[in-house]
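Let me begin by presenting the structure, written as structure tokens, before commenting on it.
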Amino acid sequence: MPELPEVETVVRDLRPHLIGRRIASVKVSRHHLRQRWQPAWNQLLPGRQVLEIRRRGKWICTLLDDARFLVIHLGMSGQLTVVPNAAPIQKHTHVIVGLDDGGRQLRFRDIRRFGLAVLVESAAALEVMLDSGKLGPEPFDLKPAYWRKRLTATQRSLKAALLDQRLVAGVGNIYADESLFEARLPPTQRGSQTSAADADRLRRSIVRVLNRAIERRGSSIQNYVGGEGLQGEYQNEFRAYGRTGEPCPRCETPIERIRLAGRSTHYCPRCQGQ
DNA sequence: ATAGGCGCCTGCTGGC
DNA sequence: TGCCAGCAGGCGCCTA
């Protein structure tokens, strides 16, 4: 569930609590996540100091003082929070990292277990994992020529293209629908049919929607909370996503919902043309 | 190579 | 009240 704005909010929340802190202890649950936790990591983590926390697309990369990275993906239902040691341990908590500040823990909770928590050996290994063709550029760094080229090179729908992390990193189902609404483009339109003007409008819309969502600390629908356990507020500003049957905020036409690229897709049949 | 479908999980909601 | 289908911020693997 968490997309770029939610992950960015988590990272910003965690930084002041984690940077400079040392890891005192590690405890993991028996349930496996998308990738199995290696027992060796329980030995490697204690004593390490947190130097940096970065976001890349929907990935959270915590740089440690041995040049390794604790890498976390929130999947659909992941929560990464800093809480007092005494806070009750909620069901589905899979990793608990004790901190040396004498009273708090970093906890990774993930109800559906589509998420991931792994220790990566080095910056080079992280490159292989995330970059090397897998993750496209950050939405804020999209070059107009690149973006149009990638869109026009595919027969898939704009919706499918936006969800493809290789084209642009960090956009998911909510912000794809919201960006297409903002740009007044039909989600079903084939990438190959995209004019230069369409592509650029879409690019700007993505940036505007994501920045606004970050300002509102992301969207909370069911599970999402930021690094301090607070919900987001952007769900109150949705114009298309999840508004099936409600009037379009631009033209009052009821918002429609279709299945596209395997996902629920919400749009205004009138002002998002065709 | 590219595009679509399915499965991985748990929990919640709505209809009967 | 119970049961069952359908749905949910993602992604990787399989197939045509």
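In what follows, every chain begins at residue 1, and chains take the letters A, B, ... in the order their sequences are listed.
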Taking only nitrogen or oxygen atoms into account, show me every contact under 3.5 Å that the protein makes with nucleotides 5-8 of chain C, one pair per line with its distance.
residue: C/dA8; atom: OP1; partner: A/Ser264; partner atom: OG; Å: 2.3
residue: C/dA8; atom: OP2; partner: A/Arg259; partner atom: NH1; Å: 3.2
residue: C/dA8; atom: O3'; partner: A/Tyr241; partner atom: OH; Å: 3.4
residue: C/dA8; atom: N3; partner: A/Arg112; partner atom: NH1; Å: 3.1

Can you check whether A/Val118 reaches A/Trp41 side chain to side chain, under 4.5 Å on heavy atoms?
yes
Closest heavy-atom contact between A/Leu4 and A/Ala169?
CD1-O, 3.8 Å
If you look at every heavy atom in A/Gly115 and A/Asp110, which pair is closest and at what distance?
N-OD2, 2.8 Å
Sugar-phosphate only, base, or nothing, as touched by A/Thr154 at under 4.0 Å among non-hydrogen atoms:
sugar-phosphate
Reckon A/Gly172 touches a base, only the sugar-phosphate, or nothing at all at heavy-atom distances under 4.0 Å?
sugar-phosphate
Heavy atoms under 4.0 Å, any strand shown: does A/Ile111 hit a base, just sugar-phosphate, or nothing?
sugar-phosphate
Given 3.5 Å as the limit, does a donor-acceptor pair link the side chain of A/Gln235 with the main chain of A/Ser220, or not?
yes
A/His32 near the nucleic acid: base, sugar-phosphate alone, or nothing, with a heavy-atom cut-off under 4.0 Å?
sugar-phosphate
Could you walk me through whether A/Lys27 and A/Asn42 pass the side chain to side chain donor-acceptor pair (under 3.5 Å) test, one step at a time?
CA-CA 8 Å; A/Lys27 206 157 85 184; A/Asn42 293 326; over 6 Å; no
SB check A/Asp100 A/Arg21 (cutoff 4.0 Å):
yes
When the ring planes of A/His94 and A/His92 are compared, do they come out parallel, tilted or perpendicular, using 30° and 60° as the limits?
tilted
Pairs under 3.5 Å (Watson-Crick or G-U), crossing ones as [ ], inter-strand ones as |: DNA chain C comes out as .|||||||.|||||||
With a cut-off of 6.0 Å (strictly less than), are more than 12 heavy atoms of other residues, nucleotides or ligands near CZ of A/Arg212?
yes
Report yes or no: is the cationic atom of A/Arg257 (NZ for Lys, CZ for Arg) under 6.0 Å from the centre of the six-membered ring of A/Tyr267, at an angle within 45° of the ring normal?
no
For B/dG7 versus C/dA5, give the span between their P atoms, rounded off to a whole number of Å.
15 Å
Rounded to whole angstrom units, what separation is found between the CD atom of A/Gln79 and the P atom of C/dG10?
16 Å
With the side chain counted from C-beta on, respond yes when A/Ile72 and A/Val95 share a heavy-atom pair under 4.5 Å apart, and no when they do not.
no
Tell me the interatomic distance from A/Leu167, atom CG, to C/dG10, atom P, rounded to whole angstroms.
15 Å
Chain A contact limits on DNA chain B, taken 5' to 3' with a cut-off of 4.0 angstrom to heavy atoms
B/dA3 to B/dG11
Under 4.0 Å, heavy atoms only, any strand: does A/Lys91 hit a base, just the sugar-phosphate, or nothing?
sugar-phosphate
Salt bridge or not for A/Asp177 and A/Arg239, using N-O below 4.0 Å?
no
